[in-house]
Amino acid sequence: MRTSRAAPAPLRFVRGALRALTALAVLTGLVSCAGGPSLEHRDAITAAPGDSRELAIGSAGFTESELLAQMYAALLRQAGYRTHVLTVGNRELYEPALEAGQIDVVPEYAATFADWLNAKEHGAQTAPVASPDLDATMTALRRLAAPRGLTVLPPGRAVDQNAFAVRAAYAAEHRLRTLSDLGRAKLPVRLAAGDECVQRPFCAPGLRKTYGINITAVDPKGVGTTPAKQAVQNGQDQMVLTTSTDATLEQFGLVVLADDRKLQNADYVVPVVNRSRAGSARPTAALNRLNRVLTTEDLARLNEQVDSWRRLAGDVAHNYLVSKGLLSKS
């Protein structure tokens, strides 16, 4: 899931605090850069893609973003770059820093980032540009990113989007494999989710409209939280909102119902780079090696190793790349 966890060891806490202070120092004043590169730097957008020898990889601070950033950093180091990972808590900070070249590469999600840039450009009330169609979403995203000096690399195979899970026994009893099956069953469904689910088009309203699911109430226990899953496990609720890279569902006896009518947008993992510093062929080739291998199921298992097994994200990332032949063991 897209969650962060506290560092258990004092040394890791100190390192995390120092890293956060470094991020704050680097990013001070950049939030105001909402309009993209300044006029004196606009020529960088049409210049030849850059190839800086030292690259800063941005992480949004939650487990999955940290794992992706660590894998990006390792692959770029192997390609001959000096890299370091800079953890920044939210997109409002790291995206302007990416435009300004303070951060060179970040892992992003195609649909989410497209709509975020669109709202930044045209205002919060603008119509969304993302959709379940990956090609259309990528076209919109690249159109919005390019004037800001950003290059969006090809999407990988991994996707992190909303997912809805029920008890495995409940699914077997009612012969449910898809959300369409649940709609046809006309069962009353109390949904464990975040309180915003009541209004979000990809949550309760979309489940009703697209699938005809009888959502009787939203139980505000959060997205994919332990209390939310326990509420479904014990029968208090019938379904939980989680994400497609949640690897803990089996522990609660839960299974995902397929989004067979594609309610959810195409939130595929995409690397986004500062064109003038990391837009050349070599970093693109290095990052594309991961895109060809990493699947949604792989990403879920990697999240589990960090969140449930308490392993370090850097170690988990390194071991995965070695296991896939993308990195030497040394």
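Just so it is clear, the model here is predicted, and its values are computed rather than measured.
Of all the heavy atoms in Pro132 and Lys262, the pair that sits closest is CG-O, 3.1 Å. Listed here is the closest heavy atom pair of Pro155 and Leu134: CG-CD2, 4.0 Å. Residue Leu75 comes nearest to Ala286 through the heavy atom pair CD1-O, 3.7 Å, listed as atom of the first residue, atom of the second, then distance. Contact record, Pro147 with Leu144: CD-O, 3.5 Å, taken as the closest heavy-atom pair.
Counting heavy atoms from C-beta outward, Pro283 and Val273 have side chains that stay 4.5 Å or more apart. Looking at Asp260 and Tyr211, their side chains come closer than 4.5 Å, going by heavy atoms from C-beta outward. Proximity of Val270 to Met138: side-chain heavy atoms (C-beta onward) are separated by under 4.5 Å at one or more points. Contact check for Val223 versus Glu196: side-chain heavy atoms found under the 4.5 Å cut-off. With contacts defined as side-chain heavy-atom distances shorter than 4.5 Å, the pair Thr245/Leu302 does not qualify. Looking at Asp160 and Asp267, their side chains never come closer than 4.5 Å, going by heavy atoms from C-beta outward. With a 4.5 Å cut-off on side-chain heavy atoms, Val166 and His174 do not count as touching. Inter-residue side-chain proximity for Phe113 and Leu141 is flagged as met; some heavy-atom pair is nearer than 4.5 Å.
Side-chain atoms of Thr63 and Asn303 form no donor-acceptor pair, as typed in the model, at a separation below 3.5 Å. Under the 3.5 Å distance criterion, with hydrogens and angles disregarded, no donor-acceptor pair is assigned to the side chains of Gln161 and Ser244. Checked by atom type, the side-chain pair Arg77/Thr83 shows a donor-acceptor distance below 3.5 Å.
Exactly one residue among Asp315, Leu327, Val293 makes a side-chain contact (heavy atoms from CB on, under 4.5 Å) with Tyr320. That residue is Val293.
The distance from atom CG of Asn162 to atom CG of Leu263, rounded to the nearest 0.5 Å, is 8.0 Å. Atom CG in Leu76 sits 4.5 Å away from atom CG in Leu287 (nearest 0.5 Å).
Remark: Arg157 fails to qualify as a cation-pi partner of Tyr268 under the 6.0 Å distance and 45° angle criteria applied to the six-membered ring.
Grouping Ile, Leu, Val, Met, Phe, Trp and Tyr by side-chain contacts under 4.5 Å, direct or through others, puts Val256 with Val232, Val240, Leu249, Phe252, Leu254.
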CA sep, side-chain torsions, deciding dist, call: Glu95, Leu117, side chain to side chain contact (heavy atoms under 4.5 Å, CB included): CA-CA 9 Å; Glu95 190 278 332; Leu117 286 178; 3.8 Å; yes
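Using a 4.0 Å cut-off between charged nitrogen and carboxylate oxygen, Arg167 and Glu173 do not count as a salt-bridge pair.
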